[in-house]
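Below is one structure, written out as structure tokens, with a few remarks after it.
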Amino acid sequence: MATENPFKSILKTLERPDGGEFGKYYSLPALNDSRIDKLPYSIRILLESAIRNCDEFQVKSKDVEKIIDWETTSPKQVEIPFKPARVLLQDFTGVPAVVDLACMRDAMNNLGGNSNKINPLVPVDLVIDHSVQVDVARSENAVQANMELEFHRNKERFAFLKWGSNAFQNMLVVPPGSGIVHQVNLEYLGRVVFNTDGMLYPDSVVGTDSHTTMIDGLGVAGWGVGGIEAEAAMLGQPMSMVLPGVVGFKLSGKLRDGVTATDLVLTVTQMLRKHGVVGKFVEFYGEGMSELSLADRATIANMSPEYGATMGFFPVDHVTLQYLKLTGRSDDTVSMIESYLRANKMFVDYSEPQSERVYSSYLELDLQDVEPCISGPKRPHDRVPLREMKADWHACLDSRVGFKGFAISKESQSKVAEFTFQGTPAQLRHGDVVIAAITSCTNTSNPSVMLGAALVAKKACELGLEVKPWVKTSLAPGSGVVTKYLQNSDLQKYLNALGFNIVGYGCTTCIGNSGDIDESVAAAITENDMVAAAVLSGNRNFEGRVHPLTRANYLASPPLVVAYALAGTVDIDFETEPIGVGKDGKKVFLRDIWPTNEEVAHVVQRNVLPAMFKATYEAITKGNPMWNQLSVPSGTLYAWDPTSTYIHEPPYFKNMTMSPPGAHGVKGAYCLLNFGDSITTDHISPAGSIHKDSPAAKYLMERGVDRRDFNSYGSRRGNDEIMARGTFANIRIVNKLLNGEVGPKTIHIPTGEKLSVFDAALRYKSEGHDTIILAGAEYGSGSSRDWAAKGPMLLGVKAVIAKSFERIHRSNLVGMGIVPLCFKAGEDADTLELTGLERYTIDLPSSVSEIRPGQDVSVVTDNGKSFTCTMRFDTEVELAYFDHGGILQYVIRNLINARQ
């Protein structure tokens with residue numbers, strides 16, 4: 001059991017510069033260990049947490065030693081526990097988290113425990129930001145109109161979250177309409193250093209969205225985890241993690257004129273993807289750091305999931321402190337942060353000689369070498385220099401269907417689709433832009449690119465350029481601060497003139513909330529099989545994510561989003577071809593409307609002011625009239641409504657007893673789905689619209705829900721019935737069992753019948769058959785989504801055999817009791833000549849005590865094939881979760897046993 005902290009001797013007092021005390025802290029220098037001076041700053045945060053939480057039970061002295069000896073231990077894949085300072089949720093993942101907490105209270109109650117013990121034990125910040133659907137665009141009244149529709153669709157879900165904020169202690173809910181979770185985290189929620197009852201310690205956070213890493217730009221260690229892991233962290237459980245390697249990324253030089261932070265992050269993403277950083281931290285350093293604003297750093301940190309790292313970390317320095325003051329943190333708070341971090345050797349002062357730190361590997365980039373670029377058409381790391389875009393586009397049209405190909409025949413490439421838009425004749429060609437969105441956490445918190453976009457709009461308007469009326473343009477700021485500086489600079493009116501009216505504050509096009517495009521445009525695309533394009537300032541462009549009808553989706557800086565909207569096509573060479581014709585009849589090129597870095601910096605300096613941040617966040621927790629008028633029930637146990645299509649009690653704890661079910665193998669399982677490489681969480685658990693012919697749509701219509709009220713899958717994450725039906729419902733999914741056919745279907749192997757994935761899974765379950773999934777490399781990449789693991793579990797999937805897994809998704813599968821297996825190097829379903837029509841048996845020991853992390857197991861098929869896989873339970877704690885049937889069951893039993 002827990003004992004007194006063995007490191008109490010290094011507990012020191014931090015003095016205020018003007019006398020008095022800030023509080024107590026565990027002093028790393030007091031350990032007098034020279035190895036600490038060489039540790040990357042990101043590892044020092046893990047070390048401090050282990051020391052502070054050391055109780056020789058959940059966190060042991062030997063764990064502290066592993067971290068101190070990081071240079072030796074990190075290559076060995078050693079396991080350490082980590083207890084983050086807080087947990088960050090947004091509404092799409094927050095709803096199922098609160099549903100699960102409510103269910104756990106019921107289960108605790110049924111097992112004879114005290115249900116009120118189910119409470120977050122660390123601060124939980126929940127920001128409602130994912131429900132803004134761009135129904136109304138290009139309108140002065142878009143914000144209010146979309147907000148009213150948002151509340152109409154999501155009233156029940158919002159009320160549930162409001163109940164949770166009252167029923168559970170230690171939970172802050174930021175109401176809808178406040179901004180994007182990661183920008184709110186950066187500008188307001190991020191503490192950098194906590195002072196809790198006189199104990200000082202670094203802020204650290206795990207969040208249920210993979211872009212939680214944005215906070216790394218502020219020097220706060222944060223990354224995305226599955227909702228399941230986040231719930232365990234909320235309940236005081238240490239996160240089990242492999243001590244990561246750290247890639248040192250040295251920055252030098254300065255960005256050239258006309259190059260944006262978005263160009264930089266797309267370049268960094270491609271470099272790190274090539275280097276290979278999955279499961280690692282990336283730590284940035286070097287003289288180039290002084291040239292990067294905090295917002296630029298946050299942009300790079302934000303896209304950690306896209307380059308595959310756990311974190312992209314920027315240690316705290318003077319730039320960080322300036323940003324904290326800019327965003328309204330008090331002078332006393334900033335003084336405490338600087339004093340603590342300097343005292344504990346966690347502050348970088350570039351005016352002093354730098355001690356040499358050791359990294360696992362090294363990369364270097366001269367910022368001078370970065371050039372304007374975009375990424376696409378289907379993956380964030382497929383960077384295309386702007387000067388090569390036209391040639392790359394034509395290569396994509398020519399190439400076979402794939403990440404860089406659409407297989408459009410030469411004779412069809414010049415096809416013109418004629419249609420009528422609001423009574424006016426119009427034309428559509430391959431590559432024409434139908435959606436242009438300034439959106440997402442990656443860029444909307446960066447004043448330089450936001451005001452840069454506004455300056456492009458200003459110059460374009462002054463020259464008489466316009467955006468075609470059928471292009472769905474939108475602007476969704478990450479917080480109210482953006483609106484304030486766009487208005488203060490008198491530049492918002494130019495964005496409005498081009499159709500980039502503000503549509504709301506939250507995640508929009510980047511997560512599939514782009515709303516419908518005009519019916520005439522949609523018909524022209526579908527009837528003529530046109531490859532239409534979307535250009536967005538987001539971080540994800542996987543096929544089918546942005547909009548079902550935009551097969552080509554490009555990530556670009558906000559200024560380039562405006563430029564492509566004006567050009568109306570991605571089939572353009574901006575160097576040699578005009579973007580349009582001005583009111584004087586002269587050709588206008590991109591260079592004619594592109595602002596200089598000095599112009600942008602001048603506007604930023606004059607218009608981004610501390611008072612804006614203070615005014616925005618003083619009002620944030622007061623809500624808005626629609627939120628404040630929501631009436632919610634009192635009581636600590638939730639009264640489930642069986643007729644609700646938004647909130648439903650899931651069956652995770654059905655028939656649960658105090659005895660763990662133990663390890664389970666797989667016997668004679670059928671292959672539910674057979675996949676190739678890069679199956680993302682968007683394929684597994686879509687976040688976009690609910691297709692009218694899908695099992696989820698059928699379920700809703702059977703319950704009297706009109707199609708216009710279907711809402712999105714993300715908004716219905718609190719209903720397991722819908723999410724199970726939405727699992728593998730992506731219309732672009734490619735299942736090898738269908739022999740080339742694309743769509744959310746599979747073959748029921750015993751009968752050969754083609755069914756929806758849900759119906760096939762239901763039939764297998766009713767017949768008493770287990771199922772498995774075969775997959776290629778990077779299975780589960782993309783946004784962290786708990787439903788990408790919960791859904792397959794509810795469908796009856798017992799194991800996934802893949803070439804490799806995305807980090808968070810593998811962990812989530814473990815958390816839901818699904819066995820993750822990796823083919824041996826050089827092997828996959830194709831090399832082993834597996835068709836997916838076989839039946840699979842995976843023999844495991846009956847006791848978890850006989851299984852070790854990373855153990856090899858044999859897989860046997862009914863036609864005589866046998867092959868070896870590595871079982872991807874990576875830690876002893878993950879094996880304990882497997883023994884209990886999942887992480888939540890493990891937590892409940894431990895809480896009850898701890899009090900007996």
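This is a predicted model, so every value here is computed, not measured.
- Here the CD-CD distance, from Q77 to E79, works out to 11.5 Å after rounding to the nearest 0.5 Å.
- Side-chain atoms of T73 come within 3.5 Å of backbone atoms of D69 as a donor-acceptor pair (strictly under, hydrogens ignored).
- Summarising the geometry of H648 relative to D720, their closest heavy-atom pair is ND1-OD1, 2.6 Å, with the distance given to 0.1 Å.
- Proximity of a side-chain donor or acceptor of S49 to a complementary backbone N or O of L46 within less than 3.5 Å is not detected.
- Y779 and F675 have parallel rings, their planes meeting at less than 30° on a 0 to 90° scale where 60° marks the start of perpendicular.
- Counting heavy atoms of neighbouring residues, nucleotides and ligands inside a 6.0 Å radius, atom NZ of K824 exceeds 12 of them.
- Between the side chain of S360 and the backbone N or O of V246, at least one donor-acceptor pair lies under 3.5 Å.
- Y890 and H884 have perpendicular rings, their planes meeting at more than 60° on a 0 to 90° scale where under 30° would count as parallel.
- A tilted orientation is assigned to the rings of Y764 and H748, their planes being inclined by 30° to 60°.
- Under a 3.5 Å cut-off, the side chain of N719 and the backbone N or O of I722 do form a donor-acceptor pair.
- Between the side chain of R893 and the backbone N or O of T657 there is at least one donor-acceptor pair closer than 3.5 Å.
- Residues M108 and I896 form a side-chain contact, since some pair of their non-hydrogen atoms from C-beta on lies under 4.5 Å apart.
- Checked against the 6.0 Å centroid criterion, the rings of Y307 and H381 do not qualify as a close aromatic pair.
- Here D682 does not pair with R540 in a salt bridge; the nearest charged N to carboxylate O distance is not below 4.0 Å.
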Worksheet item: Given E827 and K865, is the salt bridge (charged side-chain N to carboxylate O under 4.0 Å, His left out) satisfied, shown in steps?
Response: CA-CA 14 Å; E827 293 184 349; K865 286 195 173 74; over 6 Å; no
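- With hydrogens and angles ignored, the 3.5 Å screen pairs a side-chain donor or acceptor of Q889 with a backbone N or O of Y652.
- H211 and E306 share a donor-acceptor pair across their side chains, judged by distance under 3.5 Å alone.
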